[in-house]
Amino acid sequence: MAKGNKNTEQGLWAITSPVKYHMAGGVFLAMVNGALMILCNVLLANIIGIIIGGQLSLFGRSLNFRQSFWLLTTAIIITFIIRYYSFIVSHLGAFKLETIIRTNVTIRLGEVPLGYIIATGTGSLKKVLLDDVKSLHAFVADSTPMIGKSIITPIVSLIVMIAIDWRLALAAVGILVLGIILMYGAMKDDAEHRQRYEQSQSDINKAVIEFVQAMPVVRTFDDGNTSSKRYNLALERYMHHTKTWIKLTAIPGKIALIILSPLPTLLTVTGLGILLVNGGSLGLEGFIAAIMVSTGMADALMPLMWFNQALKKAHAAAVRIHEVNGLPILKKAAAPKVPTSYDVTFDDVSFSYNNDDIHALKNISFSVPQNTTTALVGPSGAGKSTVARLIPRFWDINKGSIRIGGVDIRDIDANVLMDTVSFVFQDTFLFNDTLAGNIRIAKSDATNDEVIAAAKAAQIHDFIMTLPNGYETMAGDRGANLSGGQKQRITIARAILRNAPIIILDEATAFADPENEEEIVKALSNLLKHKTVIVIAHKLSTIKDVDQIIAFDKGELTEAGKHDELLAIDRTYAALWKNYTLAQNWDVHHKGGAL
């Protein structure tokens with residue numbers, strides 16, 4: 001545990017090092033501010049003492065009314081100025097750190113394999129980029145000045161209290177020591193409880209994002225329980241961890257908070273001070289100064305308790321950010337090569353998602369000649385989608401090699417590889433941007449004529465021109481203003497504009513209505529001209545005439561060939577074809593045979 005805490009601290013200070021001078025400046029100014037505030041209290045007490053007929057003497061020195069008044073006025077003005085600049089310095093550092101962290105994390109995410117981003121999930125990444133960065137912002141902006149003030153104020157207050165009367169100082173310190181002991185007991189095992197609390201928060205984030213994204217399904221099929229089951233379970237875990245944490249710390253924590261509040265210290269010092277004044281061992285002006293200064297220790301130590309919580313929260317945030325920044329990046333080739341042809345070859349490829357013994361693919365070998373179409377088929381979980389995603393290096397393989405034009409994809413620059421391979425998924429995604437902007441994502445410097453030409457080839461231009469704002473029409477969040485088929489044709493227009501020589505097609509017509517399917521098929525025919533095409537096939541009727549069909553089952557390649565050849569072999573593909581034809585012949589009256 002101690003080692004983990006040390007590593008956590010190193011992580012926090014390492015990640016905030018770019019703004020260490022802002023933090024140090026904020027702490028220093030806050031310390032000066034805290035010392036000046038104690039001075040203001042002492043000077044005010046001296047003025048009151050002079051008015052009632054006494055005079056405060058500290059360290060053998062005393063000030064008259066005029067000196068005290070002008071010094072108090074000057075100290076108040078300087079205090080406000082320093083507080084103002086302390087706020088500016090710390091917040092400038094916080095915004096600078098926020099920019100640096102988000103920039104670094106974004107750059108890192110752009111360098112890691114896309115597979116890691118998919119596996120990490122949007123909930124966890126959202127927590128890092130938003131919540132964790134916000135925690136570090138708050139730590140730098142608010143907590144570091146607070147620690148400066150909280151350190152200097154008790155020290156100066158204690159020194160002044162000793163100068164006034166050591167007995168009053170001892171009483172004030174005794175109250176604080178008792179409160180600190182109780183608070184220490186309340187904070188026992190705090191790190192373990194906080195870790196569970198943070199994890200349960202992350203689970204809620206994931207569940208909420210999933211619930212919102214699945215809202216159309218929820219609204220259609222919700223039975224009042226199952227649709228929100230995962231969210232409810234995450235919420236229950238969060239409530240359980242929170243209640244457990246509160247239950248263990250509530251009573252000692254409340255007692256400690258009461259003792260560490262200014263009131264117990266004030267009452268103790270006031271009671272003892274009255275006895276000392278009545279006994280003649282303490283002057284009235286000293287009594288007034290002690291009352292005004294004594295609460296400075298409690299007022300400063302209470303923020304320290306909250307700072308401890310902010311520190312732990314910032315530690316946890318720093319660790320998660322370091323974990324993202326520590327994700328393995330795609331290894332860059334020492335001498336990048338550019339393929340001159342666009343055939344695709346898998347040579348004895350094996351792959352597992354977690355680098356363990358459970359293989360998603362095992363000893364896969366096949367070739368896709370240039371300008372031909374190959375269909376990947378197989379039952380769910382057979383490995384066909386994994387094959388497709390390994391070609392643009394969503395992950396790096398464990399064994400073997402994948403080559404494009406005879407060049408290992410690990411020897412191809414990542415940008416060149418992305419320009420070489422283009423995906424068209426059945427699950428489309430559009431940004432909340434104009435239709436032209438969504439198409440132009442494929443080629444940022446594309447002219448309007450190039451965008452329009454791509455849209456025409458994708459059979460979406462005529463529809464766009466019927467819209468009041470044409471190509472400047474907003475697609476809406478995730479393309480909410482368009483139908484599924486229209487969104488699909490926008491994504492095909494992207495791929496046409498990209499003009500990559502290798503196209504990986506995840507059955508784009510799987511969920512299209514007949515009218516849109518006809519338009520999508522026309523669009524695809526324009527996209528796939530003179531390309532090396534790999535199709536992840538769902539509708540087997542659409543791939544009967546392709547150049548090559550490759551069947552997978554349980555991560556292994558079972559057979560390869562043309563439609564008739566694979567039917568004759570009577571293995572994986574034949575079984576899939578039989579089930580497919582039965583499904584095609586089924587209707588609401590259950591004609592066509594049983595499934």
Side-chain angles (χ1 to χ4, degrees), residues 113-115 118-119 342-354 358-369 372-404 409 417 421-428 488 491 495 500 502-511 524 527-528 531-563 565-567 569-581 583:
L114 285 173
I118 296 171
Y342 302 105
D343 54 289
V344 178
T345 302
F346 276 59
D347 187 4
D348 196 28
V349 170
S350 293
F351 171 73
S352 59
Y353 284 100
N354 297 313
I358 302 176
H359 285 89
L361 296 175
K362 188 175 181 180
N363 303 326
I364 301 298
S365 297
F366 66 87
S367 293
V368 179
T372 64
T373 299
T374 293
L376 310 180
V377 301
S380 179
K384 52 189 183 296
S385 294
T386 302
V387 167
R389 283 162 172 75
L390 288 178
I391 297 172
R393 289 187 74 186
F394 277 27
W395 293 272
D396 270 337
I397 58 178
N398 304 117
K399 190 185 81 168
S401 66
I402 301 173
R403 298 187 296 275
I404 295 177
I409 59 174
L417 184 59
V421 182
S422 184
F423 263 95
V424 178
F425 297 105
Q426 65 181 26
D427 183 17
T428 59
Q488 188 65 271
T491 62
I502 299 174
I503 303 294
I504 299 175
L505 185 65
D506 188 354
E507 190 62 75
T509 63
F511 304 120
L524 289 175
L527 169 66
L528 303 180
K531 299 288 193 297
T532 302
V533 181
I534 297 175
V535 180
I536 302 173
H538 301 282
K539 292 184 178 181
L540 298 186
S541 60
T542 63
I543 52 100
K544 283 177 59 179
D545 300 321
V546 299
D547 300 292
Q548 180 181 211
I549 300 172
I550 301 176
F552 296 87
D553 190 21
K554 298 179 181 180
E556 297 185 3
L557 192 156
T558 59
E559 68 241 54
K562 290 184 175 292
H563 173 75
E565 296 171 349
L566 298 184
L567 289 181
I569 294 175
D570 195 21
R571 293 181 65 189
T572 303
Y573 181 77
L576 291 171
W577 180 258
K578 179 181 178 181
N579 290 332
Y580 175 77
T581 54

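Being a predicted model, the structure only gives us computed values, none of them experimental.
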Test F552 against V377 for side chain to side chain contact (heavy atoms under 4.5 Å, CB included), laying out the working first.
CA-CA 6 Å; F552 296 87; V377 301; over 6 Å; no
About how many Å separate CZ of F366 and OG1 of T374, when rounded to the nearest 0.5 Å?
7.5 Å
Does A574 have any side-chain contact (heavy atoms from CB on, under 4.5 Å) partners at least two apart in sequence or in another chain, and if so, which?
L567, D570
Check step by step if side chain to side chain contact (heavy atoms under 4.5 Å, CB included) holds for T372 and V533.
CA-CA 6 Å; T372 64; V533 181; over 6 Å; no
Between F351 and W395, how do the two ring planes meet: parallel, tilted or perpendicular, split at 30° and 60°?
tilted
Heavy-atom pair with the smallest gap, counting every atom of Q548 and V368
NE2-CA, 4.3 Å
Around atom NZ of K399, are there more than 12 heavy atoms from other residues, nucleotides or ligands closer than 6.0 Å?
yes
Set of residues satisfying side-chain contact (heavy atoms from CB on, under 4.5 Å) with respect to T572, sequence neighbours excluded:
P379, A551, D553, T558, E559, L576
Taking every non-hydrogen atom, the tightest pair across P392 and A388:
CD-O, 3.1 Å
Closest approach of A375 to V546 (non-hydrogen atoms, all atoms of both residues)
CB-CG2, 4.1 Å
By side-chain contact (heavy atoms from CB on, under 4.5 Å), S401 pairs with (sequence neighbours left out) D347, R403, D408, R410
Worked check of side chain to side chain contact (heavy atoms under 4.5 Å, CB included) between I402 and I397
CA-CA 8 Å; I402 301 173; I397 58 178; 3.8 Å; yes
Checking S365 side chain against D348 main chain: does a donor-acceptor pair fall under 3.5 Å?
yes
To the closest 0.5 Å, what do you measure between NZ (K362) and CG (L557)?
14.0 Å
Evaluate the side-chain proximity of I391 to V344: yes if any heavy-atom separation is below 4.5 Å, no if none is.
yes
Say whether, by atom type as modelled, one donor and one acceptor occur between the side chain of E565 and the main chain of A560 under 3.5 angstrom.
no
Minimal heavy-atom distance between V535 and T373, with the atoms involved, is CG2-CG2, 4.0 Å
I'd like to know if the side chain of T532 reaches the main chain of Y342, judged simply by a donor and an acceptor atom lying under 3.5 Å from each other, with no hydrogens or angles considered.
yes
For the residue pair I502 and I404, what are the closest heavy atoms and their distance?
CD1-CG2, 3.7 Å
Side chains of I534 and I503: closer than 4.5 Å at any heavy-atom pair?
no
Starting from the C-alpha separation in whole Å, work towards a yes-or-no answer on side chain to side chain donor-acceptor pair (under 3.5 Å) for N398 and S352.
CA-CA 7 Å; N398 304 117; S352 59; 3.3 Å; yes
Ignoring hydrogens and geometry, is there a side-chain-to-backbone donor-acceptor pair from K384 to G378 under 3.5 Å?
yes
Using side chain to side chain contact (heavy atoms under 4.5 Å, CB included), reason through S350 and I364 one step at a time and then give a plain yes or no.
CA-CA 7 Å; S350 293; I364 301 298; over 6 Å; no
